[in-house]
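I have placed the structure first, in the form of structure tokens, so that the comments after it can refer back to it.
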Amino acid sequence: MSRSPSGDRVALWRNPTFRAYVLQGVLLAALAALIGFIVVNTMANLEARGISTGFGFLDERAGFSIPQTLIEYSGDSTYGRTFVVGLLNTLLVSALGVVVATIIGFAVGIARLSPNWLLARLAGAYVEIFRNIPLLVQILFWYFAVLQALPSPRQSLSFLEIIFINVRGLVIPDPQPLSGFAATPWALLVGIVAAIALGIYAKRRQVRTGKALPIYWLGAGLIIGIPLVVFLLTGSPLEWSIPELTGFNFSGGVRVLPELVALWLALSIYTAAFIAEIVRSGIQSVPQGQVEAANALSLPGSITLRKVVIPQAMRVIVPQLTSQYLNLIKNSSLATAIGYPDLVAVFSGTTLNQTGQAIEIVAMTMAVYLTISLVVSALMNVYNARTLLKER
Amino acid sequence: ATLDDVKERGSLNCGVNVGLAGFSSPDSDGNWQGLDVETCRGIAAAIFGDPEKVEFTPLTAKERFTALQSGEIDVLSRNTTWTATRDNSLGLNFTVTTFYDGQGFMVDKDLGIESLEDLDGASICIQSGTTHELNLADYFPSRDIDINTVTFDTPDQTAQGFAHGRCDVLTSDTSQLSALRLQLPEPDSVEILETLISKEPLGPVVRQGDDQWLDIVQWSIFAMINAEEMGVNSDNVDEMRDNPPNPGVARLLGDDGNYGEQLGLSDDWAYNIIKGVGNYGEVFTATVGEDSPLGIKRGLNALWNEGGILYAPPIR
Amino acid sequence: MIEMKGLNKWYGDFHVLRDIDLTVKRGERIVVCGPSGSGKSTLIRCINHLESHQQGEIVVNGVAMTQDVKRIEQIRRNVGMVFQHFNLFPHLSVLENCCLSQIWVQKKPRAEVEKTAMEYLERVQIADQAYKYPGQLSGGQQQRVAIARALCMRPEVMLFDEPTSALDPEMIKEVLDVMVELAREGMTMLCVTHEMGFAKTVADRVIFMDQGQIIEEAPPETFFNNPRSERTKLFLSQILGH
Amino acid sequence: MIEMKGLNKWYGDFHVLRDIDLTVKRGERIVVCGPSGSGKSTLIRCINHLESHQQGEIVVNGVAMTQDVKRIEQIRRNVGMVFQHFNLFPHLSVLENCCLSQIWVQKKPRAEVEKTAMEYLERVQIADQAYKYPGQLSGGQQQRVAIARALCMRPEVMLFDEPTSALDPEMIKEVLDVMVELAREGMTMLCVTHEMGFAKTVADRVIFMDQGQIIEEAPPETFFNNPRSERTKLFLSQILGH
Amino acid sequence: MAGESMRDEMIEARRPPNAHRGVLKWLQRNLFNGPINSVVSVVTLGVLVWALWPFVQWALIQADWLGDSRQACSGEGACWVFISARFESIIYGFYPEAARWRVDIVFALMAGLLAWLAIPKVPGKRWAAIIAVIGFPIAAYVLLLGGHFGLMHVSTRNWGGLMLTLTVATIGIVGSLPIGIVLALGRRSKMPLVRAVSVVFIEFWRGVPLITVLFMASVMLPLFVPTEVEFDKLLRALVGIMLFWSAYMAEVVRGGLQAIPGGQEEAGKALGLNYWQRMGLIVLPQALKLVIPGIVNTFIALFKDTSLVLIIGLFDLLAIIRAGLTDSDWLGFATEGYVFAALVFWVFCFSMSRYSQYIEKRLQTGHTN
Ligand SMILES: Nc1ncnc2c1ncn2[C@@H]1O[C@H](COP(=O)(O)OP(=O)(O)OP(=O)(O)O)[C@@H](O)[C@H]1O
Ligand SMILES: Nc1ncnc2c1ncn2[C@@H]1O[C@H](COP(=O)(O)OP(=O)(O)OP(=O)(O)O)[C@@H](O)[C@H]1O
Ligand SMILES: [Mg+2]
Ligand SMILES: [Mg+2]
């Protein structure tokens, strides 16, 4: 190992390979020692304090209700189910937030570089305002601003008497699947698979023959068409529950909570300010020559942006964008401030209080966020790898 | 043992609420104030003879039990409801109820609500991390009343939600309702319903397995209640000690017997409490009662012989 | 084809083009040379409005240049440009680079576009690399792709801004060969270059610039063998010196 | 000065240097040429261990190259290198670029270091630009700074990796002039270049490489006028052709 | 064949035509160039006025400024009396009144040092840096904590308000940057284990919410360490914050490192510099400059996240204002409190953002290839 190409012996401690191994060995040992130390201590301390641990509490009856549940849930459900409900709510608002923040962020970031003075300044102001004010304050602002603007349930704004907007949220008709509906989701799945297969085929075909298929139209047709046909063939097994004002509130229909809207707005607008800065730096990293070349080809501005600038800026943008997505997801836990029932609110909030199993619950919460984050980074890394330039 | 740790450290670590009007909140100089806070000061006075030898650790609802379990604090005095689970399965012991509360409801006067049955279909604003959510889930479904809960993190956010019309009803401990009402733009437009749906006995908590420490906390509070019953207050305590009007006062203030020593404290422990923070009545009046903006009536928290249920074991 | 009259341009306070008058006829091949910083690039970049000028007129193929976006696009469609540093789009394959403008500007069907593109790629002898990415090609190959990309627009005029100076000596030849052939076919060309060999072979006229002005304008024989201005003589001695 | 024996190097499975034997004596000036990808850069980069080789020996100035960090540093201190793309440090001024290695490697006092640096900058006739940043200089100037920077280490050997091929024709002259002068002063030099004029003027020997091997090794007159291998003849015809 | 021509007289450089000067011209060029832009401009200005006017009226025109109790509040506009009555605690937290001069000194020192370091014209940067890195932390430690040289000891429990926010933010920023740099270098290391450890560290800290980290640090830490060990709570939070944000910083820096061409390192090698010299003198200065926007993004996020120290029971600026809202004498002034907090945070973050943009411009040393 320490033989050099020229054959003479090298002092062991000067050999870079040897050094590397020693350093790494020390690092590994230190890490193992630290983890061992923490584990041993925690065990001893838990023992000494007589604190019982375990995940048995997940099977106990929760006994409290949650205002927004994407799956069946009632006070009789278990804490385990509470966990799932909270998790789904977190995922919902995060997903919505990520989409909108990305859209606003790109728009503002691009606008900041616009030759239109007013637009550029407004975009700059947007960034400087929303980036520099604590998110909590912004969430509260949007929540109460949103609420303030809306009428009470009895004076609801209505659209065709089937959609209602009021201070309690947006109420829309709720589709109720009847028997036989189950075929439609399967058909949707088939449609998506078919569309992906078509995409792969089309790409191959294009490489081989140079001919392209209109894959977007065909794909959309497959994804929408197949389920639609199946839906109609099975006799349209769907019924709508129309909301109705009864007493205090609307019954029937699905309700979109104002908490969700406010949180979604606040998260999107706040994160978009950060994304805008990232997009700006990304675009500025694309060499000016690229835009000039596009101009020389007389490509219109929008095409230049979409086909030439943005794809190249993505290399710089994507890693930082990942961080912002993770931040958004984690920031969604500020939901507790306005009563949106996310994971932190219902699980490491209410459940923790009811059961007192802090260690387990905090550990589970951390694990969940960690998992979400790792999945997001993994996806973004895949995308990042695709944006990397093909070079020699 | 906890007492030794506390003595060695020279101060008591007491977990309190981050901010709850009347129970614990820091004033602009950082002096903690409120009923829960005075309880801690009383305990510190009993141990050290000095009510200021206490460090307050503000805790959120989520942290409170863990902080006590892990030893971050010696006693948790943070409007915590005494329930079987908490007492039995968390390795904790509740000591004495310092405040008898119950969950009540506040509604807009205009709605004309008279009983809880009228609340069918209503939205209810509630603060998370309390027993309130469980109480609602116990009470309404069993009576076939349909309600929607909207859960907030802190009391003032709950009040804001109610004020902005997010819900028809605000529910909380009655002690809180009066405070929350003051935060509304028009406090007179709402009313607090008579009906209470739960028992909420609030009191300090200690770790299980240290009986001496449990006794000290318990008896510090008993001393405050007994003092009120005997008419001993911070103004007259010196005089009472010098000329005890009766043997009960003499035992309380350490003129007779060695009750302090039995606890591991000095015999003038109760004197120190009353000298330092006053008797229960004084504390109540100043923090949540008539002399405070909250103006809560004594109600259940009056002495047993004055129409309430406050009843401390005798010192003898 | 191209007419410039009284063209003046400033960068801030710096007077970079001074009273330029130049007429290029259809099918003419012009080589522009001059010391570094003399405004050669700026001049040809004005022709497809990569730079805007402040005074004077430019008419390209009968279209007068104004600030109007439509007009500028119309002019650019007639003018192909090849940059010194190629400026290929690195995220697109060679073929896609060539198809881009036809698809988005001329809105032709993809199949047809790709056929045209392949033709031009063959013309520069690089059709076999069509599915590679620019980063996978050598400099000379990249520059040939850049030429093909510009040709795909079927421009009336081609502008070359030092198309060989970023290349290794061996690769220069590849590119010059292509340019010579284009010139033979009668393409109108304006070329900034120091390759005097090229100038001698194909140019109809050589233009020598210094300090933002056209100093001398002459057919190559006259220019190289019989330069009239002192400045030109000095410059030629340097270029041909080593 | 430099001795290579049985040098072999692979990139992965690709055999990039094959059985290279080469001896360079003190004060010798050697030009390396050959087609692109033939391993010229790799060869000279092995000399200061920017690339590590897998077989064979390299001895530089009496020091045998091993994996030993100290030895590598010792060798590098004796070998200056000038890169094709200059690789100046853009965040440091010209003077700081030149002082860096003396201050941190040779640990000399700053005043002395700056004096030496200014001397070398004068030598490459660029002392007046000492306080500018590289980004503010022309390519030729930048490459001269790069040479000065390497010289400041007072190396025994200078390696040049196509030092002029990133330059505009006018700037090539500046750099070649400096190199010619260095050669006259007797510096040991290894230079990868296609500037045949330079090779003819100053080289003691020309080495022609192809496919990772040394094909031909000869004094310039023989090499240019009387190449022995077919490969060399083909190559020379291309280079000198246009 | 086309004509020949030659110029004997050189044309003198002239001044550019005076086309674009003056306020009106400016307005025309920037706001009203074309019908669409004009409409956009007018509508935007209109919306701005429409949206801001009620706020201005509430916050300024109808506001109450003077007084010392809630009786001074008329209820028509904002009642800033709430802020002024609690102003001292908003600044100093619960720091004992008698010792507040110490806080003043520390922050005056910090402001002075920052100015010294930040304003390019002031000479002696090297000394400023030495003082900032060695002298100032010691001075700040001694002054703020006390307990030496006859200064009264002030426990970190009493720290709070803006002073705590600034302290935590400063230490967080100063601590997370170097750790982040080391992690970023580690992630690009050639040693698999070093790289693996860096990756795991970064992904872990980037993946968990800071709230849970602080929760662990504040109430669960005693479970992890032997019972005798005690850490100051603030210290625990600081360590948590530093580690957390260093992971973000590492990713930002990594982006910068990736953008530096390999030739730079090679040139460093050829000059005989060793690894740390190459990194410290060549690669990092360039990489960090490139990612200034990202670094500042992180600083700003960190600054605002100091609010989470509430979890360890300390009252930062935002928390102390919220605590004020629960003072039974001052119930119902939430809006004023939040608006004021937003304003203070904004001022600090905006200054950082602006200064960084200024630095970005200054560090431009001509374009690079
Ligand atoms: N954006 C700009 N702002 C200010 N000055 C500029 C700008 N672009 C170019 N210049 C200056 O204008 C002059 C002409 O530049 P141009 O690029 O046209 O020269 P050139 O003749 O093409 O030189 P080269 O042979 O080096 O490419 C130079 O002095 C240059 O410094
Ligand atoms: N990191 C690498 N991994 C794999 N192959 C490489 C690597 N670097 C260079 N090569 C290959 O090694 C061969 C020799 O490269 P080298 O750079 O030494 O050639 P060269 O003679 O300097 O060519 P040029 O004149 O183009 O600079 C080339 O075929 C190249 O593709
Ligand atoms: Mg040019
Ligand atoms: Mg090479």
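Each chain gets a letter, A, B and so on, in the order its sequence line appears, and its residues count up from 1. Small disclaimer: the values here were computed from a predicted structure and weren't measured.
Residues D:F83 and E:A267 come closest through the heavy atom pair CE1-CA, 3.6 Å. Of all the heavy atoms in D:M153 and E:A270, the pair that sits closest is CE-O, 3.6 Å. The two atoms that bring E:K269 and D:R76 nearest to each other are O-CD, 3.0 Å, heavy atoms only. Of all the heavy atoms in D:P90 and E:Q286, the pair that sits closest is CG-OE1, 3.2 Å.
Taking 4.5 Å as the heavy-atom cut-off, the residues of residues 101-123 of chain D that approach chain E are D:S101, D:W104, D:V105, ordered by number.
With D:H91 contributing its side chain and E:V283 its backbone, the two residues share no donor-acceptor pair below 3.5 Å.
Applying the side-chain hydrogen bond (donor to acceptor under 3.5 Å, both in side chains) test to every pair with at least one member in residues 172-190 of chain E, sequence neighbours left out, gives these pairs: E:R187-E:E251.
Looking at E:Q277, only its side chain comes within 4.5 Å of chain D, counting heavy atoms on both sides. Looking at D:L88, the atoms closer than 4.5 Å to chain E (heavy atoms on both sides) all sit in the backbone: N, CA, C or O.
Atom OH of E:Y141 has 12 or fewer neighbouring heavy atoms from other residues, nucleotides or ligands inside a 6.0 Å radius. Counting non-hydrogen atoms of other residues, nucleotides and ligands closer than 6.0 Å to CD of D:Q125 gives a total of 12 or fewer. Remark: D:E185 CD is packed, more than 12 non-hydrogen atoms of other residues, nucleotides or ligands lying under 6.0 Å away. In this structure, D:W10 places its CH2 atom where more than 12 heavy-atom neighbours from other residues, nucleotides or ligands lie under 6.0 Å away.
Note on D:N87, D:V82, D:N48: by heavy-atom pairs under 4.5 Å with chain E, the leading option is D:N87.
Atom CZ of D:R149 sits about 5.0 Å away from atom CG of E:L271, to the nearest 0.5 Å.
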